[in-house]
Participant: 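Questions regarding the structure given below will be posed in turn.
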Amino acid sequence: MKTACIVLAAGLGKRMNSDLPKVLHNICGIPMLQSVLNSVRKLNPERIVVVAGGHIGKIKESIQSPGVLFALQPRARGTGDAVRCALPVIGDFNGDVLVLNGDTPLVRPDTIRKFLRLHRRDGNALSVLSFTAADPSAYGRIVRDSSGGIEAIVEDRDADPRQKEIREVNSGLYAVRRDALALVGRIKLNRAKGEYYLTDIVSAALRRKMKTSAYPIGTEEEFMGVNTKEELRRAAETMRRRIVASWTKKGVDFLDAGSVFIHHDASIGRDTVIYPNVHIEGRTKIGKKSTVYPNVRIVDSEIGREAVIKDSTLIENSRVGDRASVGPFAHIRPGSEIGRQAKIGNFVELKKTILGTNTKASHLSYLGDAKIGSGVNIGAGTITCNYDGARKHVTRIEDDVFIGSDSQLVAPVRVGKGSYVGAGSTITEDVPAGALAIGRARQKNIRGWVRKRSKGRVIDVNKKGKDKKD
Ligand code: UD1
Ligand code: CA
């Protein structure tokens, strides 16, 4: 049978105390609404409709879900009203409609599938998934009759003292036959809250003798609703643990599973070792048998196999080749490519720089807008002067070049293949292949200078003929 989905995302989310729409709050690198949509997509529904409110533009641009349809709920007048707003977009679809909250990011596709099977097995018009909550006060209570059938869902603010005792609660996940879904048009305004409650569809269906059940197959871990930042933090922690556990299963070693943060869209090869306090963000891909030492953050980057990323390193939008080594304390800024077996050492910053195989920049350098060949040695303290105050320029260093320590390469400039640059040079002109370039002031030795100073006759080397007491 066919399935369609409605995801509710038009609430005001006041309890978040935030400028960001609630469903766009981030959990392990993606908005929580995206998380819900990712789960729902796995069921291959025929149609997915997201109901959004005033933030619809922002939501559309933040969500990556091709084919998803949007419905506007002009004013947040409750979950029942939200579903009503989705009906024109659901249109003539004929089958079961799943309704989910956009603030339930931990929901798993398997659970939704199981729920849908029960709904169909029992031939229900309406099914609700429920779970037992430790503290049920944030949820609608499932009120059952003497024979155990569902009678109603009662929100906390409307519950009497006996109903408040009930710990079986509404997850916000419903399966509704298309004809029963039309009942949202019949829901009455809840005067206490000034909203149309979707939960009232249960009594509406029962009044019409439509077969309705609540299935207590959920867990609080999976169906916790995120209404506050405290709940957001808890949901993010659950998701974080799930992701680390799934990579562990795929053969990644974590020294401290409790302090590693991996985004949804990142991936890690087997036998890679991850030390504590590592953040692997965005669409980062790490190859097999690599090592990531403590306090490293890697964003949207590709790391090869058997690479080593040493302590306290930040890598953004870049590529690191197989068996390369980066860090400790390195900053690899966007657009950089580090070749195979290359070495980037401590306090080295790269920006939009390409570095060939076996090239080394081991200490204290800034290499920006540089194209560096293979087998190059960049001495300690080397700087590419890529910015003239108005524009950026490129430094080209060909294969097998040796750049002496503390050199500045004033771009645009080219250092030819196999050439040497003497330490402390300021290179402003191209260096031909195979040459030695030295660009620094010649050294001057002033003989006897120390002895003369101790007699009070220090010669000021800048002012001719005048002695100076220190
Ligand atoms: C809702 C349910 C409650 C259930 C809980 C599960 C109702 C009345 N209550 O409560 O029984 O236990 O979810 O998490 O349905 N939304 C709209 N438009 C609106 C209002 C809300 O689209 O006008 C969206 C929100 O963006 C959110 C979802 O609907 O994603 C649920 O709304 P929320 O206000 O969080 O409902 P709860 O109080 O959590
Ligand atoms: Ca909620």
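First listed ligand is number 1; within each ligand, the first listed atom is number 1.
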Participant: Please determine, by modelled atom types, if D322 and Q341 share a side-chain donor-acceptor pair under 3.5 angstrom.
Facilitator: no
Participant: Applying salt bridge (charged side-chain N to carboxylate O under 4.0 Å, His left out), which residue pairs with at least one partner in residues 254-268 are found, sequence neighbours left out?
Facilitator: D265-R283
Participant: Give every protein N, O or S atom lying under 3.0 Å from the Ca ion (ligand 2), naming each by residue and atom.
Facilitator: D103 OD2, N227 OD1
Participant: Aromatic rings F329 and F347: how do their planes relate, parallel, tilted or perpendicular, breaks at 30° and 60°?
Facilitator: parallel
Participant: Answer yes if the side chains of N277 and N295 hold a donor-acceptor pair under 3.5 Å, and no otherwise.
Facilitator: yes
Participant: Is there a side-chain contact between V51 and V7, using heavy atoms and a 4.5 Å cut-off?
Facilitator: no
Participant: With no hydrogens and no angle check, do the side chains of S127 and N124 hold a donor and an acceptor under 3.5 Å apart?
Facilitator: yes
Participant: For residues Y174 and N170, is any side-chain donor paired with an opposing acceptor at under 3.5 Å?
Facilitator: yes
Participant: Please list, chain by chain and in numerical order, all residues satisfying side chain to side chain donor-acceptor pair (under 3.5 Å) with R270, sequence neighbours excluded.
Facilitator: none
Participant: Can you list, by chain and residue number, every protein residue with a non-hydrogen atom closer than 4.0 Å to ligand 1?
Facilitator: L8, A9, A10, G11, R15, K22, Q73, A76, R77, G78, T79, A82, N101, G102, D103, Y139, G140, E155, N170, S171, Y197, T199, N227
Participant: Would you say the side-chain atoms of N227 and K22 include a donor-acceptor pair closer than 3.5 Å?
Facilitator: yes
